[in-house]
Amino acid sequence: LEAERSAELFKAHHRGSSATIVLERESRTTLENVLFSKPLLHAHHCKSVAVVTDAFHIPRSWSLFRTIMPELPVKFISTSVPLESIHVYV
């Protein structure tokens, strides 16, 4: 449910985007999310990724993405703010 909600937030704010949305639905932790996302992102030939998550999780998620997938540029979109003022962290 969390993955679907995040995807809907991304789509609502990025109308007309040609981005491919890849959902990872099996993880129970931030570490598992990054580990389980890696093969999905490679299978879809993703050149970059936007992670939609609560601001609280961004530092941990950023650190894990940098460690596990350093070759992949990652942007973070915080769900902790109203949709009309979404922030992207690089």
Side-chain angles (χ1 to χ4, degrees):
L1 183 60
E2 185 177 344
E4 287 79 6
R5 182 178 174 271
S6 295
E8 290 305 317
L9 283 170
F10 181 86
K11 286 190 265 187
H13 190 67
H14 295 87
R15 295 189 194 286
S17 171
S18 62
T20 299
I21 296 177
V22 179
L23 301 179
E24 187 285 304
R25 295 182 175 98
E26 303 300 321
S27 63
R28 293 168 290 144
T29 67
T30 307
L31 175 59
E32 285 182 352
N33 180 247
V34 177
L35 290 172
F36 298 171
S37 293
K38 186 173 183 173
L40 295 173
L41 296 170
H42 286 291
H44 286 275
H45 308 287
C46 295
K47 302 290 186 219
S48 65
V49 64
V51 177
V52 181
T53 189
D54 187 275
F56 177 81
H57 300 292
I58 290 175
R60 179 178 55 245
S61 184
W62 181 86
S63 177
L64 290 168
F65 266 97
R66 293 288 36 96
T67 301
I68 295 167
M69 290 184 267
E71 73 284 358
L72 193 63
V74 181
K75 293 182 180 180
F76 291 89
I77 300 171
S78 171
T79 60
S80 300
V81 296
L83 186 58
E84 62 273 4
S85 60
I86 247 175
H87 294 78
V88 176
Y89 301 90
V90 180

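These values consider heavy atoms only, across backbone and side chains, with no hydrogens, waters or symmetry-generated copies.
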Are Met69 and Leu41 close enough, and set up right, to give a side-chain contact (heavy atoms from CB on, under 4.5 Å), and what steps lead you there? CA-CA 10 Å; Met69 290 184 267; Leu41 296 170; 4.0 Å; yes
Looking only at heavy atoms, which two atoms of [X] and [Y] are closest? And how far apart?
X: Val22; Y: Leu40; answer: CG1-CB, 3.7 Å
X: Cys46; Y: Leu72; answer: O-CD1, 3.5 Å
X: Lys38; Y: Ile68; answer: NZ-O, 3.3 Å
X: Ser61; Y: Phe76; answer: OG-CE2, 3.3 Å

- Evaluate the criterion side-chain contact (heavy atoms from CB on, under 4.5 Å) for residue pair Phe65 and Val49; output intermediate values, then yes/no. CA-CA 10 Å; Phe65 266 97; Val49 64; 4.2 Å; yes
Do Ser78 and Ile58 come within less than 4.5 Å of each other through their side chains, counting heavy atoms only?
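Contact flag for Ser78/Ile58 side chains = yes.
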Without swapping roles, check the side chain of [X] against the backbone of [Y] for a donor-acceptor pair under 3.5 Å.
X: Glu32; Y: Val34; value: no
X: Ser37; Y: Asn33; value: yes
X: Thr67; Y: Ser63; value: yes

What is the distance from atom [atom1] of [X] to atom [atom2] of [Y], rounded to the nearest 0.5 Å?
X: Phe56; Y: Thr30; atom1: CZ; atom2: OG1; result: 9.0 Å
X: Thr29; Y: Arg60; atom1: OG1; atom2: CZ; result: 8.5 Å
X: Ile77; Y: Thr53; atom1: CD1; atom2: OG1; result: 11.0 Å

Could you walk me through whether Val74 and Trp62 pass the side-chain contact (heavy atoms from CB on, under 4.5 Å) check?
CA-CA 8 Å; Val74 181; Trp62 181 86; 5.5 Å; no
